Visitor: 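I'd like to ask you about the structure that follows.
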Amino acid sequence: MPSLPHLQRRRRQFLDHLESPVLLMAGGQRPRNYPANPYPYRADSTFLFFFQDPEPNSAALFDPADGSVVLFVPERTPQDALWHGPVPGFHETKEQHGVHQVLDVDRLVEHVRTLAKNRRVHGLAVADPKATALLARITGEHFDHDDPAKQGQSSLIQALAELRMAKAEEELAEIRKAVAVTREAHLRAITRTRPGLHEHDLVGSVEGTFAQHACVPAYNTILSVRGEVLHNHRHDNLLKETDIVLLDAGAENGSGYCADVTRCWPSGGRFGAEGRDVYEIVLRANRAAIELVKPGMRYRDVHLRACMEIADGLVGMGVLRGNPSAIVESGAHALFFPHGVGHLLGLDVHDMECFGDSVAYAPGRTRSQQFGLSYLRLDLDLQPGMVVTIEPGVYFVPAILHNDEFRKQYRDHVDFERAERFLTMHGLRGFGGIRIEDDVACTKTGHEVLTRDIPKDRAIIEELVGVRL
Ligand code: GLY
Ligand code: MN
């Protein structure tokens, strides 16, 4: 877990950016159906950036006038102790979190009014609508957590983004821990694979591994022989000998920091000829893009490097025609690589995505309208401390290959007849898709592949399939 001195340093850095008080909300528990049956609690990521293991419904007031941080937590009641166990009293909580004062969150409105002394207070929307509504009442601001433009004052968001963007060594250590658990989960799934299992058998191995290490899935696990469905959360297919399994899963450890890793392997232990070719193309794109990660490099150029590798490889397979640069310029490669090469990673698996492109795109840069490039989630110049994913893929998607407009627009560059063969191969299952995803930290001089110990060489992956039957 990040140490208290680390968290206090982060709070001081935040206070240095402020001119007036800021109230942050942790968010509360949200019900699955009736209130006493909530989803597992997960505090807002910005709150987790400053506080370790915060209590549901807590809030914190940062005041630049005196550099104070006041934490608000629920009053301790015998009823709560009965149902949920005892929690430390306010004095112990104050010591534990290293704050100036701990007050009752049930009286948040009046406490903030007293502490702010007529000064304007600003806040940040959180996913919990009740907490956001309370914040709006206190600050008089209009929030909408679903709209990146309505998360809070833009200067506040830029200040938070600047801090959260550059991961300190203690944060990288948390991501490394999540990566280590993720490695074990991927290895367990690969080594337990055999035709005849269901996808959910392997999901059990993955998420069971997370649980054994006191972690949770950082996002809904994607484990599918239908890898062409990019965020496929169904797990009911039976594995067949010729299937390619795609696993996109990452652990989130108790501190909230995440990993996000994708590996693919043949269900029967050996890729077929097309599987081999596509795997090697995606691996080359993954490695070429990673090579570019260094300070000052524009992330869009990292993406375009992966596009070039994929275009070149698919020309070699006869699926695309022409010069790779012309193909990438036209966007024809995106019919097979329709998403961006990755995103920021941290306390959110798509780190700070709730803040929108005002954080993810550099000033003056806007999203392309072109299919594929329009899904690029990040267009910043890389800086030391940023952690990004690099996750190129190649997919054979019926809805894309059967789309009349694409077929007309890209008829010069795409051999649709050849591409369509991938939709019916593997006993009519179709090829699916292959994605290879690593987590990469930008360092002062280049990069560190945080996920380097999770195998991705094709021959090694093939050797691992089913060894633990
Ligand atoms: N891990 C899923 C994604 O990056 O979208
Ligand atoms: Mn990802």
Side-chain angles (χ1 to χ4, degrees), residues 42 45 148 165 167 175-176 178-179 181-183 185-186 189 199 202-203 206-207 209-210 215-224 226-235 245-253 256-265 282-283 285-287 289-290 293 299-300 302-303 306-307 310 334 337-357 359-360 367 372-380 382 386-395 397 432-442 447 449-452 454 456:
R42 208 306 181 153
S45 293
M165 192 78 75
K167 271 72 184 170
I175 297 177
R176 285 192 193 98
V179 164
V181 176
T182 301
R183 173 181 178 274
H186 276 252
E199 292 164 337
L202 298 179
V203 173
V206 170
E207 297 190 354
T209 308
F210 293 166
C215 290
V216 295
Y219 49 96
N220 293 331
T221 297
I222 300 164
L223 189 150
S224 185
R226 303 241 61 105
E228 82 281 11
V229 182
L230 301 178
H231 283 176
N232 191 347
H233 300 306
R234 293 192 63 104
H235 303 132
V245 181
L246 181 150
L247 171 61
D248 181 342
E252 173 182 320
N253 70 31
Y257 286 88
C258 304
D260 180 6
V261 175
T262 308
R263 292 290 185 265
C264 295
W265 61 93
V282 176
L283 188 56
N286 164 283
R287 289 196 164 125
I290 288 173
V293 175
Y299 191 71
R300 185 176 187 267
V302 177
H303 170 77
C307 296
I310 286 171
F337 175 32
H339 58 79
V341 79
H343 49 84
L344 291 165
L345 179 77
L347 282 161
D348 299 324
V349 68
H350 292 182
D351 207 27
M352 298 186 279
E353 193 162 278
C354 60
F355 298 150
D357 288 353
V359 163
R367 289 230 181 193
L373 204 48
S374 60
Y375 289 122
L376 185 62
R377 297 181 193 273
L378 185 69
D379 189 7
L380 297 174
L382 297 174
M386 282 186 188
V387 178
V388 294
T389 67
I390 298 292
E391 49 178 307
V394 167
Y395 315 87
V397 184
I434 289 181
R435 173 165 69 250
I436 302 174
E437 175 176 27
D438 285 297
D439 303 339
V440 184
C442 182
H447 60 261
V449 183
L450 302 172
T451 46
R452 60 184 172 272
I454 308 181
K456 61 183 176 182

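As the structure lists them, so they are numbered: ligands from 1, and atoms in each ligand from 1. Everything numeric here is computed off the predicted structure, so don't read it as measured data.
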Visitor: Could you establish whether V349 and ligand 1 come within less than 4.0 Å of each other, counting only heavy atoms on the residue side?
Guide: no

Visitor: Does ligand 1 have any atom sitting under 4.0 Å from a heavy atom of H350?
Guide: yes

Visitor: If we only count heavy atoms from C-beta on, is the H235 to L202 side-chain gap below 4.5 Å?
Guide: no

Visitor: Quick check: does H343 have an N/O/S atom under 2.8 Å of the Mn ion (ligand 2)?
Guide: yes

Visitor: What protein heavy atom lies closest to atom 2 (C) of ligand 1? Include the residue and the distance to one decimal.
Guide: D248 OD2, 3.4 Å

Visitor: Measure from the Mn ion (ligand 2) to every N/O/S atom of E391 and report the name of the nearest one.
Guide: OE2

Visitor: Below 4.0 angstrom from a heavy atom of H343, which ligand 1 atoms are there? Numbered from 1 as shown, please.
Guide: 4 (O)

Visitor: Between L344 and V387, is any pair of side-chain heavy atoms under 4.5 Å apart?
Guide: no

Visitor: Is there side-chain contact between L247 and H186, with heavy atoms separated by less than 4.5 Å?
Guide: yes

Visitor: Are R452 and D439 ion-paired here, with the side-chain N under 4.0 Å from a carboxylate O?
Guide: no

Visitor: Can you tell me which residue and heavy atom of the protein come closest to atom 1 (N) of ligand 1, and the distance to 0.1 Å?
Guide: D260 OD1, 2.9 Å

Visitor: State, with a plain yes or no, whether a side-chain heavy atom of D438 is found less than 4.5 Å away from one of K456.
Guide: yes

Visitor: Where is the nearest protein heavy atom to atom 5 (O) of ligand 1: which residue, which atom, and how far?
Guide: H231 NE2, 2.7 Å

Visitor: Under the ring pair (Phe, Tyr, Trp, His ring centres under 6.0 Å) rule, collect the residues that match up with H339, sequence neighbours excluded.
Guide: F337, Y395

Visitor: To the nearest 10 degrees, calculate the angle at the Mn ion (ligand 2) involving OE2 of E437 and OD2 of D260.
Guide: 90°

Visitor: Output the list of atoms in ligand 1 that are nearer than 4.0 Å to some heavy atom of E391, sorted by atom number.
Guide: 4 (O)

Visitor: Report yes if the side chains of E252 and C258 come closer than 4.5 Å at any heavy-atom pair, otherwise no.
Guide: yes

